[in-house]
Amino acid sequence: MQWVGIFFSLPWARGLALVKNFTIPPIVLDFGGKSAYIQPKMSELAKTFSPKDIEDKWYGAWLANNCFDRAIELAKPPFCIAMPPPNVTGVLHMGHLLNNTLQDLLIRYARHSGKSALWIAGTDHAGISMQVRVEKELAKKGIDKNTIGREKFLEYACLWRDEHGGIIFKQLRKLGVSCDWKNTKHTLDDDYSRGVLTAFVELYKRGYIYRGRRMVNWCPVSLTALSDEEVKMVPQKGKLYYVKYWLVERPGECIAVATTRPETIPGDVAVAVNPADERYKDLVGLHCVRPLSDTPIPIIADEAVAKNFGTGALKITPAHDRIDFEIGQRHSLPVIDVLNPDGTLNEHGGEWRGMDRFDARNAIAKKLGEVGLLIKEEDHENNVGFSERGNVPIEPKLSEQWFLRYPKIEEAKAAVRGGIIKFYPERWTKIYLHWLDNIQDWCISRQLWWGHRIPVWYGKNGDKNDSKNWHVSVDGPADRENWEQDEDVLDTWFSSWIWPFGVFGWPDRSKMTESGFDYFFPTDDLVTGPDIIFFWVARMIIASLEFIGEEKSSLAMDEIKSRIPFKNVYFTGIIRDSLGRKMSKSLGNSPEPLELIEKYGADGLRLGLLMMAPYGQDVLFDEARILQGRNFCNKLWNAARFRLMQQSNHGKASLQELVARINHLESDDQAILLQLIACKRNVDAHMGKYEITSALQRAHTFFWNSYCDWYVEVSKHRVQGGERDALIVHDMVMRQVLLTLNPFIPFITEELWHACGYGRGNLPMQWEYCEAADDLLAIFEPLRMKESSLVEAERKHNFVNACRLLLSQNKRISSKSAKIIVNLCDKGDENLICDALKRMLNVSTIEFTDEELPLPATISDLGTVYIAANGSASAASLQSRRDKILKEIDELGGLIALNESKLSSANFIEKAPENVVDGARKLLEDNIVRREALIKILASL
RNA sequence: GGGGAAUUAGCUCAGUUGGUUAGAGCAUCAGCAUGACACGCUGGGGGUCACUGGUUCGAAUCCAGUAUUUCCCACCA
């Protein structure tokens with residue numbers, strides 16, 4: 001026996017208890033009325049849970065035991081999640097935290113449900129943002145990427161990526177996530193890249209990819225085209241300039257045009273009006289002079305012009321506006337591009353050549369004013385497209401790009417509409433379908449170096465614009481010297497969209513087999529934010545439908561089923577601060593995830609996040625919730641600690657074995673076990689619907705309220721008296737609580753699992769099956785538990801609550817000197833009021849009576865309860881009690897009246913279902929009885 | 001302009017297909033060193049369920065309209 005310390009039960013000696021903790025069983029020494037405990041060490045748990053002590057230990061153990069490895073176990077159902085790949089050089093932020101906590105929860109939950117769960121992790125090469133970063137790094141060293149050239153730049157970028165990449169994975173491990181770390185993917189890995197290029201080549205062959213000169217969104221900072229999805233509309237305050245265009249055929253007359261962009265005037269090739277516009281009818285077909293030049297341009301009519309905006313006349317600049325471009329096409333107008341790629345004016349800009357577009361806007365407006373062409377300026381607010389990356393207005397620009405006409409659009413719609421792929425919350429399906437209904441071709445080429453270079457080669461001796469001189473393949477032409485590869489790379493999202501099968505090595509069949517594609521695919525759940533529903537979710541569905549299985553132009557429903565990338569999509573909310581603002585660096589409102597883990601522990605953080613993440617809504621981050629998460633962990637810790645302080649440990653046994661050892665269960669025991677079953681049933685039901693917070697809430701309430709607050713207290717005297725059956729029930733409950741909570745809070749549950757000795761061998765608990773409600777029912781069957789025990793326990797609970805209320809309302813009677821006297825409704829209930837209840841109430845005596853006493857009293861399910869001071873009753877203040885009773889009588893009166901009026905209505909009796917009517921009757925009777933009893937109490941006071 | 005969502009206690013949210021007098025956590029107030037836990041325990045106060053109508057025996061719940069907030073899509077220069 002190992003002696004660990006001495007604990008004095010004196011107030012001044014309490015400090016000692018904090019220094020060292022004690023376990024069971026205490027040997028009590030008597031020092032003349034003051035007792036001291038000396039305890040042998042059986043198990044050691046600190047008084048307060050300290051996450052730091054266990055987290056690294058267990059994460060290491062999980063890795064050492066290959067807990068997260070992919071295992072193709074045909075006997076088990078598979079479960080798979082492909083993690084949305086974070087940017088390779090990204091660092092953990094709050095969004096990742098929530099997203100990955102949810103995924104880890106689902107994965108661990110699946111493991112406990114007997115599935116072989118695989119969580120595939122990987123990183124994204126993050127095209128533009130990564131390239132910009134590397135350029136900046138180079139610039140710091142005084143290096144310009146154009147001087148070192150493409151190859152050197154890429155070398156440097158790879159180096160930089162390898163050096164700074166993967167930090168996020170290290171951070172994620174702190175959170176406890178259980179990914180298959182041995183097989184992580186990066187979108188620029190060789191095999192994955194082959195997949196990306198294969199997708200391009202296949203789609204090209206199938207006629208979905210084409211090259212064309214079209215209007216694209218041009219980012220003047222990143223100097224690349226962007227897809228429509230990468231453009232954000234931002235309201236801007238600007239000016240609307242009214243400009244005179246002199247008529248050629250009618251000297252002295254003019255047509256007024258309103259524009260927000262005078263700097264594009266040098267690119268004007270026409271003025272257009274609506275054909276139905278009476279004001280301008282006779283001008284159509286004439287010409288006007290482009291301001292600040294002598295060039296005549298035609299006045300044309302086009303339906304696209306709105307009569308009621310500005311003057312109703314629109315200047316047409318096909319190179320700088322989408323609608324203008326379309327009008328230009330319809331009327332065969334020339335295209336004059338007046339801007340350089342970086343947004344400065346080019347040679348068409350004349351005296352403003354080289355000036356930035358916004359400076360030129362002011363300069364040209366000023367000039368127009370000077371030469372008398374500016375009629376007026378108006379303040380004007382409009383939406384301007386911004387480049388998400390460069391954070392500058394994008395420029396609609398005509399350029400040569402690669403485009404994808406999406407395949408399998410109808411099938412992608414059908415998959416989600418038909419519920420083959422389910423969205424949670426469901427409302428996102430509508431947004432998804434709407435996007436697909438209005439889908440535009442995807443500009444997939446980017447004028448960058450960092451990424452997958454477009455696998456198209458142009459014959460050196462042929463016409464680049466003639467596709468006969470193109471070579472399109474993954475490996476390129478054999479005689480490379482005669483070819484030049486396309487300079488551009490693919491949009492990052494063009495690599496992400498094959499993620500769910502690319503991570504299995506697609507299209508390499510042997511790699512796919514080896515990596516478990518046939519077993520794990522389609523993946524089960526995708527957890528992501530709704531902000532990338534178009535960027536990523538929809539495109540993955542399309543890619544999967546197109547590439548999984550043989551080439552087919554259209555798919556039937558059952559074929560769709562076999563080609564989907566995932567079955568369920570869970571959309572998380574966006575994390576905001578407690579004021580509802582987005583987390584941002586400039587606001588400084590984003591907490592540092594690692595600091596939170598440091599402060600509250602990974603479990604506390606996970607729990608807090610899950611508690612504050614309502615289903616289908618944004619998450620308002622509040623550190624107080626993380627604190628709550630930590631507090632919960634501490635509560636759990638102490639519940640286990642309490643169990644360990646008791647004598648024997650019945651842990652190392654299966655649930656069945658525990659059940660077999662039980663001799664007799666009291667109603668309290670039965671009640672908690674029945675509640676345990678109900679708890680598990682509720683948790684599973686909510687988990688099945690991804691209602692994580694509700695699932696957690698159920699487990700929380702069961703553990704804290706039903707178990708700790710009631711059952712532990714009511715069974716304490718039995719447990720501390722070493723009663724075996726009660727101890728076994730504690731073990732059964734704790735065992736299941738730990739298993740149920742393990743997916744939410746893996747570290748602390750693992751620690752306690754082993755500390756309590758529930759583990760068979762030293763196996764990590766993730767491999768333990770967590771019994772479902774029906775399993776529990778079957779296992780508990782030999783116990784022959786009665787539902788009525790729930791009622792009995794509830795009546796006791798009600799009695800205790802009534803007494804507590806009475807005690808708190810009669811504070812002048814100190815609880816130590818208080819005496820509870822009960823006038824039982826049913827004398828048979830006397831045995832229900834046991835020592836345990838006395839202890840719970842902290843009163844020394846509970847007596848019984850048959851009389852009505854002139855004492856403060858209340859009504860409980862077991863009977864009328866009186867309170868008296870030991871010795872004399874006069875110490876009590878009766879007046880406040882009287883007021884309370886009067887208030888209650890009053891409330892009961894209202895309730896009785898309500899039910900009476902209900903029951904007196906023939907309509908109600910006739911039309912309401914029987915059980916509702918009966919319920920009302922019963923309520924009425926009960927309340928009348930209760931009111932009478934209260935009136936009696938009042939009279940006796 | 002089109003569509004979605006939200007509106008319940010001071011705050012954050014639950015509230016199953018309509019059925020007792022609407023719940024929880026936090027906050028607040030009062031009490032409590034009780035042989036697991038003060039990161040705790042016990043009790044109290046606090047709500048015209050945004051508003052207006054309608055359906056119904058019965059509405060926080062269903063329907064219509066209004067208001068406010070918010071997100072997404074479109075983009076009229």
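The partner of B/rA5 is B/rU69, by the rule that a Watson-Crick or G-U pair needs both atom distances under 3.5 Å. Using Watson-Crick or G-U wobble geometry with both donor-acceptor distances under 3.5 Å, B/rA59 finds no partner in any strand shown. Nucleotide B/rC11 forms a pair with B/rG25, judged by Watson-Crick or G-U wobble geometry with both contacts under 3.5 Å. Both distances falling under 3.5 Å, in either a Watson-Crick or a G-U wobble arrangement, place B/rA30 opposite B/rU42.
In this structure, of B/rU12, B/rA77, B/rC72, it is B/rA77 that holds the atom nearest to the side chain of A/A306. Side chain of A/N631, nearest nucleotide from B/rG40, B/rU16, B/rG25: B/rG40. Among B/rC13, B/rU42, B/rC26, the nucleotide with an atom closest to any side-chain atom of A/R804 is B/rU42. In the set B/rA5, B/rC39, B/rU12, the nucleotide with an atom closest to the side chain of A/N634 is B/rC39. Closest to the A/Q617 side chain, of the nucleotides B/rC72, B/rA77, B/rA14, is B/rA14. The side chain of A/R698 has B/rU16 as its nearest neighbour among B/rU16, B/rC72, B/rU34. Minimum atom distance to the side chain of A/L620 is reached by B/rC13, of the listed B/rA36, B/rC13, B/rG43. Residue A/T260 places its side chain closer to B/rA77 than to any other of B/rC75, B/rA77, B/rC41. Of the candidate nucleotides B/rG19, B/rC37, B/rU34, B/rG19 has the atom nearest to the side chain of A/V916. Closest contact between the side chain of A/L898 and the listed nucleotides B/rC71, B/rC73, B/rU20 involves B/rU20.
Atom NZ in A/K315 sits about 13 Å away from atom P in B/rA77, given to the nearest Å. Remark: C1' of B/rA36 and CH2 of A/W704 are 12 Å apart, rounded to the nearest angstrom. Protein atom CD of A/Q697 is 8 Å distant from nucleotide atom P of B/rG25, rounded to whole Å. When the P atom of B/rU20 is taken as reference, atom CD of A/E914 falls 17 Å away, rounded to whole Å. Summarising the geometry, the separation between CG on A/D618 and P on B/rU7 is reported as 13 Å, rounded to the nearest angstrom. One atom, CD of A/E891, and another, P of B/rA22, lie 11 Å apart when rounded to the nearest Å. Rounding to whole angstrom units, CZ of residue A/F49 and P of B/rG40 are separated by 15 Å. Rounded to whole Å, atom C1' of B/rA33 lies 12 Å from atom CG of A/N842.
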Whether each nucleotide of nucleotides 54-60 of chain B has a protein heavy atom under 4.0 Å at its base (B), only at its sugar-phosphate (S) or at neither (-) is summarised, 5' to 3', as ---B---

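Atom CD of A/E381 is surrounded by more than 12 heavy atoms from other residues, nucleotides or ligands within 6.0 Å. Sparse packing is recorded around CD of A/E426, with 12 or fewer heavy atoms of other residues, nucleotides or ligands lying under 6.0 Å away.
The residue A/Y241 sits apart from the nucleic acid: no heavy atom pair falls under 4.0 Å. Among the heavy atoms of the strands lying under 4.0 Å from A/A258 is at least one base atom, whether or not backbone atoms are also near. Nucleic acid contact for A/N915: none, since no nucleic acid atom lies under 4.0 Å from a heavy atom of the residue. Counting non-hydrogen atoms under 4.0 angstrom, A/V712 reaches a base of the nucleic acid. Contact annotation for A/D709: backbone-only contact, meaning every heavy-atom pair under 4.0 Å involves sugar-phosphate atoms and none involves a base. If you check every strand for non-hydrogen atoms under 4.0 Å, A/Q628 touches sugar and phosphate atoms only. Residue A/M612 is classed as having no contact, given no heavy-atom separation below 4.0 Å to the nucleic acid. Across all strands shown, A/H730 has no heavy atoms under 4.0 Å from either base or sugar-phosphate atoms.
The separation of B/rU61 from B/rU55, taken at their P atoms, amounts to 15 Å, rounded to a whole angstrom. Rounded to whole Å, the P atom of B/rU28 lies 43 Å from the corresponding atom of B/rA64. Taking atom C1' in both B/rU16 and B/rA74, one finds a spacing of 37 Å when rounded to whole Å. Taking atom C1' on both B/rC13 and B/rU66, the two are 26 Å apart, rounded to the nearest angstrom. The same atom, C1', is picked in B/rC63 and in B/rC29; the two are 43 Å apart, to the nearest Å. Here, B/rC41 and B/rG58 have their C1' atoms 41 Å apart, quoted to the whole Å. Here, B/rA33 and B/rG19 have their P atoms 44 Å apart, quoted to the whole Å. The separation of B/rA59 from B/rG15, taken at their C1' atoms, amounts to 14 Å, rounded to a whole angstrom.
Inspection of the A/T317 and A/K315 side chains reveals an N or O donor paired with an N or O acceptor under 3.5 Å. Between the side chains of A/N217 and A/R322, at least one donor-acceptor pair of N or O atoms lies under 3.5 Å. Under 3.5 Å, the side chains of A/S694 and A/K689 contain no donor-acceptor pair of N or O atoms. Using a 3.5 Å distance cut-off with no hydrogens or angles, the side chains of A/E377 and A/Y242 do not pair a donor with an acceptor. Side-chain N/O atoms of A/R641 and A/N638 include a donor and acceptor closer than 3.5 Å.
Taking only distance into account, the side chain of A/N383 meets the base of B/rC75 through a donor-acceptor pair shorter than 3.5 Å. The base of B/rA36 does not come close enough to the side chain of A/Q646 for any donor and acceptor atom to sit less than 3.5 Å apart.
An OP1 or OP2 oxygen of B/rA74 is reached within less than 4.0 angstrom by no side-chain nitrogen or oxygen of A/N438. For B/rG4, the OP1/OP2 oxygens have a side-chain nitrogen or oxygen of A/K430 closer than 4.0 Å. Contact annotation: A/H434 side-chain N/O to B/rA74 OP1/OP2 distance is not under 4.0 Å. At least one side-chain nitrogen or oxygen of A/N801 sits closer than 4.0 Å to the OP1 or OP2 atom of B/rG43. One finds no side-chain N or O of A/W435 lying less than 4.0 angstrom from the OP1 or OP2 phosphate oxygen of B/rA74. Between A/Q720 and B/rU34, a side-chain N or O to OP1/OP2 separation shorter than 4.0 Å is absent. At least one side-chain nitrogen or oxygen of A/K716 sits closer than 4.0 Å to the OP1 or OP2 atom of B/rA36. Between A/K635 and B/rC41 there is a side-chain polar atom (N or O) within less than 4.0 angstrom of OP1 or OP2.
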Could you list the donor-acceptor pairs under 3.5 angstrom formed by side chains in residues 704-713 of chain A, with sequence neighbours left out?
unit_1, atom_1, unit_2, atom_2, d
A/N705, ND2, A/D709, OD2, 3.4
A/Y707, OH, A/H730, ND1, 2.8
A/Y711, OH, A/D669, OD1, 2.5
A/E713, OE1, A/K716, NZ, 3.4
A/E713, OE2, A/K716, NZ, 3.3

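In this structure, A/K232 is not positioned above the aromatic face of A/F386 in the sense of NZ or CZ being under 6.0 Å from the six-membered ring centre and within 45° of the axis.
With respect to A/D379 and A/K237, no salt bridge is recorded, no charged nitrogen being found less than 4.0 Å from a carboxylate O. Ion pairing of A/K902 with A/E900 is absent here, as no side-chain N (NZ or NE/NH1/NH2) approaches a carboxylate O to less than 4.0 Å.
A distance of 6.0 Å or more separates the ring centres of A/F423 and A/W428.
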